[in-house]
Chemist: 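I am attaching a structure below and will ask some questions about it afterwards.
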Amino acid sequence: MQNNLFSIEHISKVFSDGTVAINDVSLELQKNQVYVIIGPSGSGKSTLLRTLNLMEKPTSGHIYKDGQDITAKSYPIEKHRERVGMVFQNFNLFPHMTVLENINSAQMHVLNRDYKNATEVSLGLLEQVGLLEKKNHYPNQLSGGQKQRIAIARALSMHPEVMLFDEPTSALDPEMIGEVLSVMKNLVHSGMTMIVVTHEMGFAKAFADEIIVMDQGKVIEQGTPEVIFNQPKEQRTAAFLKSVL
Ligand code: ADP
Ligand code: MG
């Protein structure tokens, strides 16, 4: 399929302690789409996301990107991670670097951009997330919402093909959630392919092309927000939505 980004074929992930985090999941993820993954805690959402940038390797099954098996031994993991941006619940900024240095870092060390070019890109991204005036601040001088906007800018600095978000607003005080969602909404409008794990059902309803519901390591159903919110097939989906809405 021409517009396919990831073809996930029967992947499972069993951790060394025997925990089955993903249990035979298959999914087709298309380019320029927004996917929202929902489901109870422990259902395998983070693990699934992490297999897509190869932070975790499936124990069995295959993931294809542009027809190439990214789970194959010979696949260049580092190159892959450059193309797949990831944003975490806890920001993961470098504490000893300024905002500008945080955003410059991967561009200079991974893409070999020089300082001038990297800084030009970084300043453009800082403007995009509304934090140009914070460029010389350190992460501990920023609010949680500002840190997360910087983390998004840093991921975007690599010009990724797809952005993965793992509960990007879960660690934030309520009054800061909106500013992060607003940056994410702008990304949706720019056509970015996004795979978002979140409990923000307002975002899911308004921006997801497709919602993927997980429970106990399995995808139990998937569909448009309209279908998932109004006529879920699975009782477990209805129960989960009731618990978060
Ligand atoms: P979610 O993001 O939906 O909360 P996770 O993908 O984090 O779920 O976890 C799925 C299951 O795998 C849980 O039972 C969790 O405890 C377990 N798990 C996650 N990471 C590890 C690990 N590194 N070692 C062992 N078990 C893990
Ligand atoms: Mg998680």
Side-chain angles (χ1 to χ4, degrees), residues 6 8-27 29 34-63 65 70-71 77 80-81 84-93 144-145 147-148 151-152 155 160 162-174 176-177 180-181 184 193-205 207-208 210-223 225 228-229 232-245:
F6 289 112
I8 301 174
E9 296 188 359
H10 298 289
I11 64 163
S12 295
K13 176 71 186 186
V14 184
F15 284 106
S16 51
D17 65 356
T19 305
V20 182
I22 304 179
N23 186 357
D24 192 19
V25 163
S26 296
L27 285 170
L29 303 175
V34 177
Y35 297 93
V36 169
I37 305 177
I38 64 174
S41 173
S43 57
K45 306 181 298 293
S46 295
T47 305
L48 178 64
L49 214 53
R50 290 158 65 89
T51 62
L52 295 178
N53 81 342
L54 296 173
M55 286 171 74
E56 300 286 359
K57 202 171 172 166
T59 330
S60 59
H62 297 272
I63 303 175
K65 176 170 168 289
I70 72 168
T71 50
I77 292 182
H80 179 73
R81 291 206 183 123
V84 180
M86 181 134 181
V87 173
F88 303 88
Q89 186 173 332
N90 292 315
F91 329 124
N92 293 7
L93 295 176
K147 279 186 223 178
Q148 194 59 297
I152 294 171
V162 51
M163 286 281 285
L164 312 178
F165 291 87
D166 195 357
E167 300 202 31
T169 59
S170 294
L172 300 177
D173 292 332
M176 294 173 188
I177 291 176
V180 172
L181 291 179
M184 292 170 64
T193 308
M194 296 167 62
I195 306 170
V196 185
V197 174
T198 186
H199 295 301
E200 290 295 324
M201 293 303 131
F203 178 87
K205 249 182 203 159
F207 294 98
E210 186 164 284
I211 296 183
I212 294 165
V213 188
M214 292 191 71
D215 191 35
Q216 298 188 354
K218 286 187 177 293
V219 170
I220 58 169
E221 66 179 304
Q222 60 193 106
I228 297 294
F229 285 107
K233 285 201 280 294
E234 290 282 331
Q235 207 283 322
R236 284 178 291 173
T237 302
F240 173 75
L241 289 173
K242 204 169 162 209
S243 74
V244 290
L245 282 173

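Note that ligands are numbered from 1 as they come in the structure, with each ligand's atoms numbered from 1 the same way.
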Chemist: Any non-hydrogen side-chain atom of Ile63 less than 4.5 Å from a side-chain atom of Leu54?
Modeler: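 They are not in side-chain contact.
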
Chemist: Side chains of Phe165 and Thr198: closer than 4.5 Å at any heavy-atom pair?
Modeler: no

Chemist: What residue and heavy atom of the protein are closest to atom 16 (O) of ligand 1, and at what distance?
Modeler: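 For atom 16 (O) of ligand 1, the nearest protein heavy atom is Thr19 CG2, 4.8 Å.
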
Chemist: Distance to 0.1 Å, residue and atom name: give those for the protein heavy atom nearest to atom 9 (O) of ligand 1.
Modeler: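 Residue, atom and distance for the closest contact: Thr47 OG1, 3.9 Å.
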
Chemist: Check whether any side-chain heavy atom of Val197 sits under 4.5 Å from a side-chain heavy atom of Leu48, and report yes or no.
Modeler: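 With C-beta onward as the side chain, the pair stays apart.
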
Chemist: Please indicate whether any nitrogen or oxygen in Ala21 is less than 3.5 Å from any nitrogen or oxygen in ligand 1.
Modeler: no

Chemist: Testing Ile8, Leu27, Val162, Ile70 for side-chain contact (heavy atoms from CB on, under 4.5 Å) with Leu52, which one passes?
Modeler: Ile8

Chemist: Measuring from the heavy atoms of Gly39, does anything fall under 4.0 Å of ligand 1?
Modeler: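 Judged by the 4.0 Å heavy-atom criterion, Gly39 does not count as contacting ligand 1.
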
Chemist: Against heavy atoms of Pro40, which atoms of ligand 1 measure under 4.0 Å?
Modeler: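 So the atoms of ligand 1 that pass are 3 (O).
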
Chemist: Heavy atoms, side chains only, cut-off 4.5 Å: are Asn23 and Gln216 in contact?
Modeler: no

Chemist: Has Gln89 got an N/O/S atom less than 2.8 Å from the Mg ion (ligand 2)?
Modeler: no

Chemist: Who's the nearest protein heavy-atom neighbour of atom 7 (O) of ligand 1, and how far?
Modeler: Ser46 CB, 3.7 Å

Chemist: Look at atom 13 (C) of ligand 1 and say which protein heavy atom is nearest, naming residue and atom and giving the distance to 0.1 Å.
Modeler: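 Result for atom 13 (C) of ligand 1: Gly42 O, 3.8 Å.
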
Chemist: Let me know which of Glu56, Lys13, Lys45 forms a side-chain contact (heavy atoms from CB on, under 4.5 Å) with Arg50.
Modeler: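 By the side-chain contact (heavy atoms from CB on, under 4.5 Å) criterion, Arg50 pairs with just one of Glu56, Lys13, Lys45: Glu56.
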
Chemist: Would a 4.5 Å heavy-atom cut-off, applied to side chains only, mark Tyr35 and Gln222 as touching?
Modeler: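 Not touching, per the 4.5 Å side-chain cut-off.
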
Chemist: Specify whether the nearest protein heavy atom to atom 25 (C) of ligand 1 is under 4.0 angstrom away.
Modeler: yes

Chemist: Taking heavy atoms and a distance under 4.0 Å, where does Asp166 meet ligand 1: side chain, backbone, both or neither?
Modeler: neither

Chemist: So which protein heavy atom does atom 3 (O) of ligand 1 come closest to, and at what separation?
Modeler: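 Going atom by atom, the protein heavy atom closest to atom 3 (O) of ligand 1 ends up being Lys45 NZ, 2.8 Å.
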
Chemist: Can you check whether Val84 reaches Pro160 side chain to side chain, under 4.5 Å on heavy atoms?
Modeler: no

Chemist: Does at least one non-hydrogen atom of Ser16 fall below 4.0 angstrom from an atom of ligand 1?
Modeler: no

Chemist: In Å, rounded to the nearest 0.5 Å, how long is the span from CE of Met194 to CG of Leu164?
Modeler: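 Taking CE in Met194 and CG in Leu164, the distance rounds to 10.0 Å.
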
Chemist: Taking C-beta and beyond as the side chain, do Thr47 and Phe15 meet within less than 4.5 Å on heavy atoms?
Modeler: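 Touching, per the 4.5 Å side-chain cut-off.
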
Chemist: For atom 8 (O) of ligand 1, grab the closest protein heavy atom and report residue, atom and distance to one decimal in Å.
Modeler: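 Checking every protein heavy atom, the shortest distance to atom 8 (O) of ligand 1 gives Gly44 N, 3.2 Å.
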
Chemist: Which protein heavy atom lies closest to atom 18 (N) of ligand 1, and at what distance to 0.1 Å?
Modeler: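 Minimum-distance protein heavy atom for atom 18 (N) of ligand 1 reads Phe15 CE1, 3.5 Å.
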
Chemist: Enumerate the atoms of ligand 1 whose separation from the nearest heavy atom of Ser43 is less than 4.0 angstrom.
Modeler: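 Those qualifying, in numeric order: 1 (P), 3 (O), 8 (O).
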
